[in-house]
Amino acid sequence: MPLLGCIMLTFLWKFTVLYLPIISCSLLNYVNPEDNLDIPVIAKYFNTKGRYEEVNPHLIEDILAVNRSMLQPPSEQCQEIHLTAIIRHGTRYPTPKNVKEMQQLYNIVLHNASGEESWLREIQTQWRMWYTEDMDGRLVQKGVNDHKHLAVRLSKLFPSLISEEKLRGGFIKFITSSKHRCVNSTLSFKAGLTELWAITDQEFDHAENDALMRFFDKCTRYVQEVDNNASAVSEVDKFKQGPEMRRVTEKIADRLRVPQSLITHDLTEAAFYLCAYEFAIKAVNSPWCRLFDEDDAKVLEYASDLREFWKRGYGHDINSKASCILFHDVFKRLNKAAAENKTGQQVTEAVTVQVGHADTLLPLLTLLGFFKDSDALNSTNYATQAQRSFRTSHMLPYAANLLMVLYDCGGGDLRLQPLLNEKPVTFPGLTGQQGSMPLYQDVRDHYRELLQGCDFETECQLVKSSA
C-alpha cells in the first residue's frame, strides 16, 4: 500500500468512535469488488437500494479515503468560500409495501419451491423472514455510519469550510426533510463532526423544511398528473409485460421449480430487493442473490430506471419543475455568499447541509440537465439503452449527494464546482476548457431562463381544462 495510506490509517486510529478496525497496511491493498465473494455479483445493479460503496469502490478498503487532488481548481489562488450539500438519507429498512411482497415471496419459496440447490435449502431451513412492516423505511445502523463517514470525508475534502471553528461559530446550517430517516441521517452527520472534533459542550440545531426537501409532496400538479396517475408510468407497465421481463420471471420460476403463474414481476422485484437489503443492511451475500444472474439484474435495473425516468426524471416536464423551489434556494445561497465575499465580509453561511430523499435529488439533477440521454427511456428500447447515462445505480445510492462548491480565485474570479457522490461532474452545456469548475457567472447565464422563471407556485398549479 502507498505510504500515504499508512500515514492516513495512523491519523484515523485516534477516531475510534467511527469503529475502524486496526489493520496492518499490508492488508489494505485494493481488492476489485468483483473478485470479493462477500459482494453479490449483481450488487452494482441495485438502483436506489444500492450501497454508496458500489459507486465509490475505494471506500470498501478505507471508508474515510478522500482525494483532494481531483478538485483541480484552475489556480493555487482559488479558495472555497461556500458549500451547499444536498444529501439523500442513509441506508434504511424496507417500506411496508416492500415487506408485504417479500413475505408473500418467502411463503411461496417456503411452501412451494423444490430442489436440492444449497442456496434454496438455506432459504428454506436457515433464513428467517425478519423484516416487519413497522420498520417503515427507518434508518439502520449502516445508514447512521453512512452519514457519519460522509461528514468526516467532506471535512477532509473541504477543511477550510467544514471545520470545528465554522461549526462552533454557527456558519454551518442543517436542514432536513421531516421523515424520520432524514432527521436521523442529519443527526448522524452532525455526530460525525462532533465526534471527530470531540465536541461535548455544544449542540447544533437543524431545521425541518418539507417545502424544500419534500417539494414533490407539495406540488399539486405533480401529485395529480404524475404521482397519482397510473397512465403517467404506462411505459413501466408495458415493460413489465414485455419479453425481457417475462424471461426473467420465467427463469425465477424455473429456478424455484414453481408454477410460472406464481411469480409476478412484483415478486421477482421483491426477491431482487431481498438480496439488496440483506447486502446493504447486513453486508451479507444472501442466498436470495443466487436467484439472479447478471443479465436478470440488468433487466430489473432497467425496469427501476424506467420508473424513475417517468416518475421523477425526464419523462414529464413537471417532474423536474417541481424542484424549482430547491433550485432557487441553492442559487440564493450561492448569490448571498458571492455578494458577501465581494464586499470583503465573512461568508455567514459557509456550509449548508440539506438532507432529503432520492426523490429530492433526481428532479433537481434533471432540472439541471444531468444524465440526459439522446433518446427517452421507454418499454421497447432496453437493448439500445445498455450504455445510457440515466442509471440510478450510479446516481442515487444511499447517502447520494450533490455538492455545489463556490470558489474565489482572486480578482473577482468566482467559480462553481459541482460534485456528485464526491466526484466532480460537468454542468451539461458548459463543457470545454472550463472543465468542472466554470465561472459562476457563466453558470448563471446558462441557467438564466430557470433563474428568471421556474416559479414553483406557477408550475405546480393545476391547469384548468377548457372543456
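All values below come from the heavy atoms of this structure, side chains included, with hydrogens, waters and symmetry mates left out.
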Identify every side-chain donor-acceptor pair in residues 261-268 under 3.5 Å, counting partners at least two apart or on other chains, and give the distances.
{"residue": "Thr264", "atom": "OG1", "partner": "Asp266", "partner atom": "N", "Å": "3.4"}
{"residue": "Thr264", "atom": "OG1", "partner": "Leu267", "partner atom": "N", "Å": "3.1"}
{"residue": "Thr268", "atom": "OG1", "partner": "Thr264", "partner atom": "O", "Å": "2.9"}

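A donor-acceptor distance shorter than 3.5 angstrom exists from the side chain of Asn184 to the backbone of His180, with no hydrogens or angles considered. In this structure, the side chain of Tyr222 does not engage the main chain of Cys460 through any donor-acceptor pair within 3.5 Å. Side chain of Asn67 to backbone of Ser69: a donor-acceptor contact under 3.5 angstrom is found. Side-chain N or O atoms of Asp62 include one that pairs as donor or acceptor with a backbone N or O of Leu64 at under 3.5 Å. Between the side chain of Asp295 and the backbone N or O of Val248 there is no donor-acceptor pair closer than 3.5 Å. Remark: side-chain polar atoms of Asn47 are paired, donor with acceptor, to backbone N or O of Glu301 under 3.5 angstrom. For Asp210 (side chain) and Ser178 (main-chain N/O), a donor-acceptor pair under 3.5 Å exists by modelled atom type. With hydrogens and angles disregarded, a donor-acceptor distance shorter than 3.5 Å links the side chain of Arg88 to the backbone of Thr48.
Atoms CD and CZ, on Gln441 and Arg444 in that order, are 6.0 Å from each other to the nearest 0.5 Å. Considering CE of Met437 and CG of Leu419, their distance stands at 8.0 Å, rounded to 0.5 Å. We find the NE2-CG distance between His147 and Leu193 to be 12.0 Å, quoted to the nearest 0.5 Å. For the atom pair His89 NE2 and Cys182 SG, the distance stands at 5.5 Å (nearest 0.5 Å). In this structure, CD on Glu53 lies 3.5 Å from NZ on Lys142, to the nearest 0.5 angstrom. Interatomic distance, CG of Leu414 versus OH of Tyr407, reported as 13.0 Å (0.5 Å rounding).
Sequence neighbours left out, the pairs with a member in residues 300-332 that pass disulfide (SG to SG under 2.5 Å) are Cys324-Cys454. Under the disulfide (SG to SG under 2.5 Å) criterion, no residue pair touches residues 367-408, with sequence neighbours excluded.
Under the 4.5 Å side-chain criterion, counting only non-hydrogen atoms from C-beta, Tyr273 is not in contact with Pro94. Using a 4.5 Å cut-off on side-chain heavy atoms (C-beta onward), Phe215 and Asp329 make no contact. Inter-residue side-chain proximity for Met395 and Leu361 is flagged as unmet; no heavy-atom pair is nearer than 4.5 Å. The shortest distance between side-chain heavy atoms of Gln260 and Thr249 does not fall below 4.5 Å. A 4.5 Å side-chain heavy-atom check between His82 and Glu340 finds every atom pair outside the cut-off. Contact check for Val109 versus Trp288: side-chain heavy atoms found under the 4.5 Å cut-off. The side-chain heavy atoms of Val223 and Asp217, taken from C-beta on, include no pair separated by under 4.5 Å. Using a 4.5 Å heavy-atom threshold, the side chains of Leu139 and Ser185 count as touching.
Tested against Leu396, the residues Asp359, Leu362, Val55 include a single side-chain contact (heavy atoms from CB on, under 4.5 Å) partner, Leu362.
Heavy-atom contacts from other residues, nucleotides or ligands closer than 6.0 Å to NZ of Lys332 number 12 or fewer. Other residues, nucleotides and ligands contribute over 12 non-hydrogen atoms within 6.0 Å of the NZ atom of Lys251.
Considering every non-hydrogen atom in both Thr426 and Phe370, the closest pair reads O-CE2, 3.3 Å. The minimum heavy-atom distance linking His206 with Thr176 is given by the pair CD2-CG2, 3.7 Å. Scanning all heavy atoms of the two residues, the minimum distance from Leu406 to Ala337 falls at CD2-CB, 4.2 Å. Between Arg68 and Pro159, the closest heavy-atom pair is NH1-CD, 3.4 Å. Contact between Asn229 and Gln224 at its shortest, heavy atoms only, is CB-O, 3.5 Å. Annotation for Leu212 and Asn209: closest pair N-OD1, 3.1 Å, computed over non-hydrogen atoms.
For the salt bridge (Lys or Arg N to Asp or Glu O under 4.0 Å) test, residues two or more places apart in sequence or in another chain that qualify with Lys238 are Glu235. Considering only residues two or more places apart in sequence or on other chains, Asp408 meets the salt bridge (Lys or Arg N to Asp or Glu O under 4.0 Å) condition with none of them. The ring-ring contact (aromatic ring centres under 6.0 Å, His included) check on Phe239 picks up Tyr302, with sequence neighbours excluded. The side-chain contact (heavy atoms from CB on, under 4.5 Å) search around Asn56 returns Tyr52, His58, Leu59, Asn421, Lys423, not counting sequence neighbours. Taking Phe331 as the reference, Phe327 meet the ring-ring contact (aromatic ring centres under 6.0 Å, His included) condition, with sequence neighbours excluded. Not a single ring-ring contact (aromatic ring centres under 6.0 Å, His included) links Phe158 to another residue, sequence neighbours left out. With sequence neighbours excluded, no residue forms a ring-ring contact (aromatic ring centres under 6.0 Å, His included) with Phe456. Remark: Asp305 engages Arg388 in a salt bridge (Lys or Arg N to Asp or Glu O under 4.0 Å) (not counting sequence neighbours). Listed by chain and number, the residues in a salt bridge (Lys or Arg N to Asp or Glu O under 4.0 Å) with Arg51 are Glu54 (sequence neighbours excluded).
Aromatic pair Phe272/Phe46: centroids less than 6.0 angstrom apart.
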Verdict with reasoning, Thr84 to Glu349, per side chain to side chain contact (heavy atoms under 4.5 Å, CB included): CA-CA 9 Å; Thr84 284; Glu349 198 171 302; 6.0 Å; no

Test side chain to side chain contact (heavy atoms under 4.5 Å, CB included) applied to Ser160 and Glu80, step by step: CA-CA 8 Å; Ser160 66; Glu80 57 259 31; 3.4 Å; yes

CA sep, side-chain torsions, deciding dist, call: Thr384, Asp375, side chain to side chain contact (heavy atoms under 4.5 Å, CB included): CA-CA 9 Å; Thr384 59; Asp375 294 321; 5.8 Å; no

Chi angles and distances behind the side chain to side chain contact (heavy atoms under 4.5 Å, CB included) call for Phe216, Asp227: CA-CA 9 Å; Phe216 45 89; Asp227 202 30; over 6 Å; no

From CA spacing to verdict: salt bridge (charged side-chain N to carboxylate O under 4.0 Å, His left out), Asp293, Arg255: CA-CA 11 Å; Asp293 60 31; Arg255 285 170 188 153; 3.2 Å; yes

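The pair Glu208-Arg214 fails the salt-bridge criterion, with no side-chain N (NZ, NE, NH1 or NH2) lying under 4.0 Å from an Asp/Glu carboxylate O. Of the charged side-chain nitrogens involved, at least one lies within less than 4.0 Å of a carboxylate oxygen, so that Lys97 and Glu101 count as a salt-bridged pair.
Between Tyr277 and Tyr131, the ring planes are tilted. Angles from 30° to 60° get that label.
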